[in-house]
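Below is one structure, written out as structure tokens; comments come after it.
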Protein chains: 2
Amino acid sequence: MINKEIGIPYYLQLASLIEEKINSRLWSEGEKIPSEIEMSRMCHLNRHTVRQAVDYLCVRGALLKVKGRGTFVAKSTVDFLEYKLSPENRFTDNVRQAGKRPDNRMLFCEQTPAPGHASRALMMAPGEPVFHFRILRKVDGKPFLLSDNYSPVKLLPDLDQQLSSAASLFEVYHKHYQMQPRRRKSTFKAGFPREDEARLLQINPGTPVLRVDNTLVASGLLLQYTQACYRGDLAVLSIEWEEDYPPAPG
Amino acid sequence: MINKEIGIPYYLQLASLIEEKINSRLWSEGEKIPSEIEMSRMCHLNRHTVRQAVDYLCVRGALLKVKGRGTFVAKSTVDFLEYKLSPENRFTDNVRQAGKRPDNRMLFCEQTPAPGHASRALMMAPGEPVFHFRILRKVDGKPFLLSDNYSPVKLLPDLDQQLSSAASLFEVYHKHYQMQPRRRKSTFKAGFPREDEARLLQINPGTPVLRVDNTLVASGLLLQYTQACYRGDLAVLSIEWEEDYPPAPG
DNA sequence: ATCGATTTGTCCGTATGTATT
DNA sequence: AAATACATACGGACAAATCGA
């Protein structure tokens, strides 16, 4: 299988061979592929060379390694969930409309001086108190996005109390504060997760993520700044720009 | 420097140390860091362990290795260009407004049967003829985004002729067809570049990219479907949702 | 619940190739 | 041409997670 004469690195040759197996469906989604030792015997390569090939494909998202279990063909995640962004957005409804099961978990909520990025986004003096809360949102039991949220204490004095008792963020704004926040500005960026993000999203640190920053306004007030981190292997975000004919496909 | 007792992998400890040096500007942008051999001597680690740390940071975009020369601190690209998306968008103007120099290059333009994704997006029968053209767009001389564009031949019969003679895509639509196309729908996804994309964008295949798909409409007609691939290390895309008070910061 | 087998993760060592200076 | 620096490939050893008997 491996040609040791042509000058192409063995690990790249092996990576191509593995990719072919996947593309031809000989090894299908979620299936366990031969262990490193097996492949090294089959191809007359050292285990480390096999590991190089496997690592190469893991970074690219084609394979997934699990310590103690083995290496698996990554699940193709094309259009796992197209998450529609709109000015007023509610995760729970959005996911339910797609026929999936949403799940939210507030990881913490604490009052702190506003860090630089948050104070800039909320146009506050740096160091003014904000509530900083982190939410992990799942779809069908899979971690989907992690968000760090910052809200001025001055505007929402008992937000922490409300959050602990309420089911959803939207509900708190709507029922308790009689506000209907809307998105003001969003930014999109591709990158890698930090260690803690990778752990909470249950992805390896080499999986790309989609970072979306948002500011929410209501009644002319900057209510909340959010830094969201979506799993790149699951999430497709979409925006519909106009409401008129023709309807957008998909 | 490296604590061999606490049970944290040496290469992760070293990666953190290197990151600290970078973040504290002790090692600054573009600067060459000590060679693998030097670091392995300094930290009493094997060269392979050092390589693991360096590779880890390369994948994450913090370092850049050049064979035969050394390893360098990657150029920080925070907010290199915030690219504002709006319903009607013109790359050239957009970049000029940010005080940068735009550059466009049409790589090819050919007539082909519509591939599946394009025919779905344009709501055509699969296989109907489309013009497929690829554009590489640079900012200040750096490759910024690569786009594959599909337009129905039926609607724009001599688009290929026009594109070869005109300066910009917008000009062709506006001047020749008297159309002012607008975005209909956009989707965002994080991922990795294909081999050819990585080459054209001059990034290594481990750098994440931001994929943005768009459909353009004018006068109720689906004019163009575009798959754009933005360099994840350079591009931040932004959207302003509302026009009223307060102004968005940044 | 324990133990052993399997599998991936980390770490060290050595040698040689290739690109740059 | 020589020295330097990263790339590839081989070897061995033990750790840590998982799974099934």
Side-chain angles (χ1 to χ4, degrees), chain A residues 1-18 27 30-59 61-74 195 198-199 202-207, chain B residues 1-18 27 30-60 62-74 198 202 204-206:
Chain A
M1 299 277 247
I2 304 291
N3 185 333
K4 303 207 175 186
E5 314 297 331
I6 50 177
I8 298 174
Y10 305 166
Y11 80 94
L12 287 178
Q13 291 186 48
L14 176 55
S16 296
L17 289 175
I18 295 172
W27 293 347
E31 192 179 330
K32 187 174 176 304
I33 73 171
S35 74
E36 295 169 354
I37 302 274
E38 279 179 83
M39 284 198 283
S40 69
R41 271 200 289 263
M42 279 164 26
C43 301
H44 307 288
L45 293 172
N46 186 276
R47 184 186 154 212
H48 293 300
T49 308
V50 173
R51 278 177 67 79
Q52 246 183 304
V54 169
D55 287 347
Y56 179 86
L57 292 176
C58 281
V59 168
L63 294 177
L64 182 70
K65 291 193 283 189
V66 185
K67 188 173 176 174
R69 288 183 59 202
T71 303
F72 303 82
V73 177
E195 285 295 328
R199 198 181 58 250
Q202 293 175 26
I203 52 180
N204 76 51
T207 305
Chain B
M1 301 275 250
I2 303 291
N3 185 333
K4 303 206 174 185
E5 313 298 328
I6 51 177
I8 298 174
Y10 306 165
Y11 79 95
L12 287 179
Q13 290 188 48
L14 176 55
S16 295
L17 289 174
I18 295 173
W27 293 346
E31 192 180 330
K32 185 173 176 304
I33 73 171
S35 75
E36 295 169 353
I37 303 273
E38 279 179 84
M39 284 197 283
S40 68
R41 272 200 287 263
M42 280 165 25
C43 302
H44 307 286
L45 293 173
N46 187 276
R47 187 184 148 212
H48 292 303
T49 309
V50 173
R51 277 177 68 79
Q52 244 182 305
V54 169
D55 286 347
Y56 179 86
L57 292 175
C58 281
V59 167
R60 232 144 293 255
L63 295 178
L64 183 71
K65 290 195 285 188
V66 185
K67 190 170 171 175
R69 289 183 57 203
T71 303
F72 304 82
V73 177
Q202 293 175 26
N204 76 51

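Residue numbering restarts at 1 for every chain, and letters A, B, ... go by the order of the sequence lines.
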Touch class at under 4.0 angstrom, heavy-atom based, for V54(B) against every strand present: nothing
Given DNA chain D, 5'-ward residue of the pair E38(B) and V50(A), judged by closest heavy atom: E38(B)
Integer-rounded Å distance: dT8(C) C1' and L57(A) CG: 16 Å
Among dC12(C), dC11(C), dT8(D), the one nearest K4(B) by side-chain distance: dC12(C)
Gap between atom CE of M39(A) and atom CD1 of I33(A) - 0.5 Å precision: 4.0 Å
N or O in side chain of Y11(B) less than 4.0 angstrom from dT10(C) OP1/OP2: yes
Sugar-phosphate only, base, or nothing, as touched by I37(B) at under 4.0 Å among non-hydrogen atoms: nothing
Shortest side-chain distance from R69(A), nucleotide among dA9(D), dT10(C), dC19(D): dC19(D)
Rounded distance (nearest 0.5 Å) linking atom CD1 of I8(B) with atom CG of L14(B): 13.0 Å
Listed nucleotide nearest any side-chain atom of S35(B), set dT8(C), dC10(D), dA5(D): dA5(D)
Length of the line joining L63(A):CG and dT8(C):P, which is rounded to integer Å: 11 Å
Nucleotide dT8(D), atom P - distance to CG of N3(A) in whole Å: 17 Å
Nearest-0.5 Å distance, CH2 of residue W27(A) to CD1 of residue I18(A): 5.5 Å
Side-chain donor/acceptor of H48(B) to base of dA7(D), under 3.5 Å: no
N/O (side chain, N46(A)) to phosphate O (OP1/OP2, dA9(D)) under 4.0 Å: no
Value in whole Å for how far the P atom of dT6(C) lies from CD1 of I33(A): 18 Å
For R60(B), salt bridge (charged side-chain N to carboxylate O under 4.0 Å, His left out) partners two or more places apart: none
P9(A) vs V66(B), nearer the 5' end of DNA chain D by closest nucleotide: V66(B)
Pair partner, dA1(D) [Watson-Crick or wobble, under 3.5 Å]: none
Distance, rounded to the nearest Å, where K65(A) contributes NZ and dT18(D) contributes C1': 16 Å
OG1 on T49(A) to CD on Q13(A), rounded to 0.5 Å: 11.5 Å
Under 4.0 angstrom between T49(B) side-chain N/O and dC12(C) OP1 or OP2: yes
Nearest-0.5 Å distance, OH of residue Y11(A) to CG of residue D55(A): 10.5 Å
Rounded distance (Å) that lies between atom P of dC12(C) and atom CD of E36(B): 14 Å
Spacing between E5(B) atom CD and dA15(D) atom P, to the nearest angstrom: 14 Å
Separation of atom NZ in K67(A) from atom C1' in dA15(D), rounded to whole Å: 7 Å
Presence of T71(A) side-chain N/O under 4.0 Å of dT8(C) phosphate oxygens OP1/OP2: yes
Side-chain-base donor-acceptor pair under 3.5 Å for R47(B) and dA5(D): no
